[in-house]
Amino acid sequence: MTVSRSGSPDLKPRRWRRLWHRREGLPSIRMFDTVGARVMTLIVATTLPLAIIASLLAWHSYQQNVGNSAMRTERDTQLAISEITTDLEQTHTLLDMLADRDISSGNALREFALVQTISQHHYCMLMLTDVSGRPSVVLPPPSTQDAAICSSPELTAPAMNSSTARTPVVGVDVLKGNRGPLLKFVVPILSNNSVSGYIVAVRTLGWQRSRLPKGNSRLLLGTDNNSRHFLAMPDGTLYSFFPDRPVTAELPKKAFTRLKRDIASLSLHDVFTSQGITYAFQNAYGPVSLIVATERTAEESHALNIFLIRVSLIVGLLVLELMAVALGARLFLVDPLEKLALAVADWRKGAAFAPRASHSIPLEIRHLEKAFLRATRRLSEHEQDLEQSARNQDMLIREIHHRVKNNLQVVASLLNLQASRIRSYEAREEFRLVRDRVRALATLHRYLYSESGLSALDVQSFLEELCSILMSANGMNAQTRIRLQLDIEHVLISPDQAAPIALIVTEVVSNALRYAFPENRAGHIVINLHKVVPTDPEKEGMVEFKLGDDGIGINAGQATESRTRREGIGMQLIRGFARQINADMTVSNENGTWYTLHFIPERPSLTALAMARKAISHGVDSSL
């Protein structure tokens, strides 16, 4: 148990005692209860929004640069699709023109060679057939062209050049070549409103870069922005957009899965980014799709690096700012306040209030220290005066008890002296009874003042001495025929209840010594005092006070009957004293005479000095 600066017990609950830290006993309560935590909270609350805004601006700048990649990929895709559409329209127009002219076996080679030249050698085959589909004139691809560009299992089929060929189907078919998709055009030749033959043309969907003339805009596709163009078949096979420059391409798993999903859902357009590469998906022709993959440019990589640097700088500056401000707040605000609190804690323990003054402490805190220093000095002076007054009062009360005890002992001696001069036995015994009662009160006054700080009676020690005095006054001691048995539990009794209890014991013991054991009969006088557990919660703290003897006893019926009968003064006193302490008393005449009293002891009061120290301690606690 801790003791406060006034010396009284510290009655704080244990859960509050755990909150005290460091050797000085300064309380560290909950988060945000300290000045440092609140200062840091304010700093973070003011700087964090600025950091968030700066980060959002940096992110917005980065997103703008990243968005350029998607826009560039979209632009390249639309440009390639536009070129494909224009090229296919020109092919349709050119083949229709050939079909409208009087083309025959004689001039077909010349016409086909002209068409091949105009199209920059995009055609893998130009063929003239009769009405049944048998070829009559065939223009193969030029010898300067890579044969793998126009190789396809469907072009080498026997049906293309045998007598068993079937009638061609007018329209455009997509063939799967070794270097990419091929388009097969079948255009009918009309003569006199009837079909006289067919023109069959097979060409690549993409363009051969080696055949494009210098300055052609198609040469710019995929060269100025780190983009790559692919043609995708429905099964997911990828081919280079330029068949004369084949590349081996594999899409990442995420991009390939999305492409398959777009093809399955018949989506015609999609743009997405995977692993830093932007992909644009666009339907090129029929089942063939165009895929443009654009890598991050140097500018975009630079923008990403700038974004990361900005975010790192923002975070670093924020951390440095918080550390600097926290250090400054600790040095110039938190530490002075903690030192002041520690000085207060030391003062609360009883030491003199001695703040550690310094010019680095803010002016307001220095003023607070000076004001508290004056207040503590005045408070210490008032406390000393109060304790001295309380000490004087306790000494006065103790002196009063002592004087009352001495006076009562003088009265008892006078009564004893007067009784020795009386010849009548009955009168002499009455004087002696009064003497015993006065002695009991004198002994009581010696025990009423306790050194523990409580104004209460220690029943155990008091009753032992009182019974010893009564035995000696009647010529008895521990070795005589009448023995005294005490079984008294330690119970504190208030002064208001002490006097009636003392007189009850005096009457019972005196009567037992005089009347319970006639003719030198031996026996016992018993006094028991114990705490009991009552069944009624309102009677918490009840005690049982049982006293009596195993002598000849008295008439229990006369002792408990109505007070209208004349009784002895001893029984009247016992009953009256029992009513004063609010006790329930029963009298039994079995095996002697027994008195049983049940009562609740009143709470003892504090001495003046203890009350003063408690008031000082509570005042300090409430101020902290």
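Starting from 1, each residue takes its place in the sequence as its number. Computed over heavy atoms, backbone and side chain alike; hydrogens, waters and symmetry mates excluded.
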Problem - Any side-chain donor near an acceptor of the partner, His530 and Glu544, under 3.5 Å - result: no
Problem - Atom of Glu602, atom of Ser494 and distance for their closest heavy-atom approach - result: OE1-OG, 3.2 Å
Handout entry: Closest approach of Pro500 to Gln580 (non-hydrogen atoms, all atoms of both residues)
Key = CG-OE1, 3.3 Å
Handout entry: Any donor-acceptor pair under 3.5 Å from Arg481 side chain to Arg521 backbone
Key = yes
Completion exercise
Checking Leu547, Asp584, Leu529, Thr586 against Leu597 for side chain to side chain contact (heavy atoms under 4.5 Å, CB included), the one that qualifies is Leu547
Handout entry: Residues Arg483, Asp549; criterion salt bridge (charged side-chain N to carboxylate O under 4.0 Å, His left out); working and verdict
Key = CA-CA 10 Å; Arg483 296 180 179 272; Asp549 59 80; over 6 Å; no
Exercise for the section: Taking Ser472 for its side chain and Ser468 for its backbone only, find out whether a donor-acceptor pair lies under 3.5 Å. Expected result: yes
Fill in the blank from the handout: When every non-hydrogen atom of His598 is compared with those of Met542, the smallest separation belongs to CB-SD, 4.0 Å
Practice task
Decide, yes or no, whether a salt bridge links Lys546 with Asp487 under the criterion of side-chain N to carboxylate O below 4.0 Å.
Solution key: no
Problem - side chain to side chain contact (heavy atoms under 4.5 Å, CB included) partner of Phe545, the single match among Asn528, Ile527, Thr596 - result: Ile527
Practice task
List the atom of Pro601, the atom of Gly541, and the distance in Å for their closest heavy-atom pair.
Solution key: CD-O, 3.3 Å
Practice task
Over all heavy atoms of both residues, which pair between Phe599 and Ile581 is shortest? Give the atoms and the distance, please.
Solution key: CB-O, 3.7 Å
Handout entry: Thr506 side-chain N/O to Ala502 backbone N/O, donor-acceptor pair under 3.5 Å
Key = yes
